[in-house]
Novice: 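Handing you a structure now.
Here the structure is a predicted model, which is why all the values come from computation and not from measurement. Positions are given from 1, in the same order as the sequence printed here.
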Amino acid sequence: MLSSIVSFGSLLIIVQATSDYVKPWFCHKLDCPKFTVLQNTTDYQLRHYIPSKWVATNMTVKTYGRSSNGQLFQKLFQYISGNNVPGEKVEMTAPVVTTVIPESDGQTMYIMHFMIPYAKQTNTPVPNDSDVYLVDVPAMDVYVKSFGGFASESTYVTKLQELKTSLDTNASNVYDSSRFFTLGYDSPFAFINRHNEVWLQAVKA
């Protein structure tokens, strides 16, 4: 087994190599982005994610609800169902990630992402829909708060505030406050052992 040592401030952690990666239970049988845990507390984790390719679509609105969420989801679901240049079906992955970016005019941009399965990270099918696009996401570190149940927009906001409160107790925790990420790992028909997350991107001081 190969490993490396990662230094985060005064914290030294042995990180298992990607080739030995075991995906967490909440990914179930789906491909999901690979990460290593750099810091683990009772309130949050700090994770490092490797680069990956995603398909995305977005909208900017003043009020975001179930209808808006459904519109974004359907565009991405049509893409993986074959609405792409070769007309191929693309396997579903987890999680569904939404980037939330408040704007100065009172509106908010919502960018929904599905990760491209590892088998199609190269030679990825090109979307037919001009509102759907491929994104290469670079390696990134994120602060993560996990929680169960069915998550609403208000639930994500509450958990975001809890995450910020936890992080702000330590001045070494620096994060990008201009946006946050919401993540859901389960289908609407899963009623037990649901897993959700809210992220803030870590910024190196």
Side-chain angles (χ1 to χ4, degrees), residues 17-36 47-61 64-101 108-140 142 144 146-153 155-156 179-199 201:
T18 302
S19 60
D20 299 318
Y21 184 78
V22 177
K23 67 183 178 182
W25 67 268
F26 46 79
C27 293
H28 306 296
K29 296 181 180 180
L30 303 179
D31 279 0
C32 58
K34 295 178 181 179
F35 66 88
T36 51
R47 298 178 186 166
H48 173 77
Y49 279 86
I50 68 172
S52 52
K53 182 174 286 186
W54 298 65
V55 62
T57 188
N58 63 270
M59 67 168 56
T60 301
V61 293
Y64 185 83
R66 186 174 298 178
S67 175
S68 301
N69 185 79
Q71 290 177 48
L72 295 180
F73 185 91
Q74 282 303 316
K75 284 181 178 292
L76 298 183
F77 187 76
Q78 288 167 14
Y79 166 81
I80 67 171
S81 298
N83 189 19
N84 51 62
V85 171
E88 295 178 358
K89 287 191 175 181
V90 178
E91 291 294 325
M92 185 65 185
T93 60
V96 176
V97 180
T98 303
T99 308
V100 184
I101 309 173
T108 302
M109 177 181 284
Y110 295 84
I111 311 171
M112 185 176 288
H113 303 74
F114 289 2
M115 192 188 81
I116 300 297
Y118 290 111
K120 294 186 181 294
Q121 287 269 314
T122 57
N123 300 317
T124 306
V126 176
N128 283 326
D129 188 339
S130 61
D131 291 335
V132 177
Y133 48 94
L134 299 174
V135 180
D136 288 308
V137 177
M140 62 188 296
V142 291
V144 180
S146 302
F147 58 100
F150 283 89
S152 65
E153 289 305 303
T155 307
Y156 281 120
R179 65 190 63 201
F180 64 94
F181 306 85
T182 66
L183 299 91
Y185 285 81
D186 303 281
S187 84
F189 307 106
F191 297 102
I192 60 173
N193 295 326
R194 296 183 64 84
H195 184 84
N196 315 285
E197 295 172 353
V198 63
W199 291 1
Q201 186 170 358

Novice: Residues in ring-ring contact (aromatic ring centres under 6.0 Å, His included) with Phe114, at least two apart?
Specialist: Phe73
Novice: Assess the residue pair Gln201 and Phe181 against the criterion (side chain to side chain contact (heavy atoms under 4.5 Å, CB included)); give the C-alpha distance rounded to whole Å, side-chain angles, the decisive distance to 0.1 Å, and a yes or no.
Specialist: CA-CA 8 Å; Gln201 186 170 358; Phe181 306 85; 4.3 Å; yes
Novice: Give me the atom names and distance for the closest heavy-atom approach of Pro33 to Pro95.
Specialist: CD-CD, 3.7 Å
Novice: Can you sort out the partners of Asn69 under side-chain hydrogen bond (donor to acceptor under 3.5 Å, both in side chains), two or more places apart, ordered by chain and number?
Specialist: Tyr64
Novice: What pairs with Phe77 under ring-ring contact (aromatic ring centres under 6.0 Å, His included), at least two apart in sequence or on another chain?
Specialist: none
Novice: Got a donor-acceptor contact below 3.5 angstrom from the Asn83 side chain to the Gln78 backbone?
Specialist: no
Novice: Give a yes or no answer on whether the side chain of Asn84 reaches the backbone of Pro127 with a donor-acceptor pair at less than 3.5 Å.
Specialist: no
Novice: To the nearest 0.5 angstrom, please state how far the OH atom of Tyr49 sits from the CZ atom of Arg47.
Specialist: 4.0 Å
Novice: Run the side-chain hydrogen bond (donor to acceptor under 3.5 Å, both in side chains) test against Ser81 and tell me which residues pass, sequence neighbours left out.
Specialist: none
Novice: When rounded to the nearest 0.5 angstrom, what distance separates NE2 in His28 from CG in Asp186?
Specialist: 4.0 Å
Novice: Please name all residues satisfying side chain to side chain contact (heavy atoms under 4.5 Å, CB included) with Ala56, sequence neighbours left out, ordered by chain then number.
Specialist: Ile111, His113, Tyr133, Val135
Novice: Measure the spacing between CE of Met112 and NZ of Lys75 and express it to the nearest 0.5 Å.
Specialist: 12.0 Å
Novice: Does the side chain of Asp129 come within less than 4.5 Å of Tyr79's, by heavy atoms?
Specialist: no
Novice: Please name all residues satisfying ring-ring contact (aromatic ring centres under 6.0 Å, His included) with Phe26, sequence neighbours left out, ordered by chain then number.
Specialist: Tyr185, His195
Novice: State which residues pass side chain to side chain contact (heavy atoms under 4.5 Å, CB included) with Lys23; sequence neighbours excluded, sorted by chain then number.
Specialist: Tyr21, Cys27, Cys32
Novice: Hey, what do you get for CD1 (Ile116) to CH2 (Trp54), rounding to the nearest 0.5 Å?
Specialist: 9.5 Å
Novice: Apply side-chain hydrogen bond (donor to acceptor under 3.5 Å, both in side chains) to Thr99 and list each qualifying residue two or more places apart in sequence or on a separate chain.
Specialist: none
Novice: Output a table of donor-acceptor pairs, distance under 3.5 Å, between side-chain atoms of residues 85-93 and any protein atom two or more places apart or on a different chain; print 'none' if there are none.
Specialist:
{"from": "Glu88", "atom 1": "OE1", "to": "Lys120", "atom 2": "NZ", "distance (Å)": "3.0"}
{"from": "Thr93", "atom 1": "OG1", "to": "Met115", "atom 2": "N", "distance (Å)": "3.3"}
{"from": "Thr93", "atom 1": "OG1", "to": "Met115", "atom 2": "O", "distance (Å)": "2.7"}

Novice: Ala139: what forms a side chain to side chain contact (heavy atoms under 4.5 Å, CB included) with it, not counting sequence neighbours?
Specialist: His48, Pro51
Novice: Can you name the side chain to side chain contact (heavy atoms under 4.5 Å, CB included) partners of Ser187, sequence neighbours left out?
Specialist: Phe189, Ala190
Novice: Tell me every residue that passes salt bridge (Lys or Arg N to Asp or Glu O under 4.0 Å) with Asp136, counting only those two or more places apart in sequence or in another chain.
Specialist: none
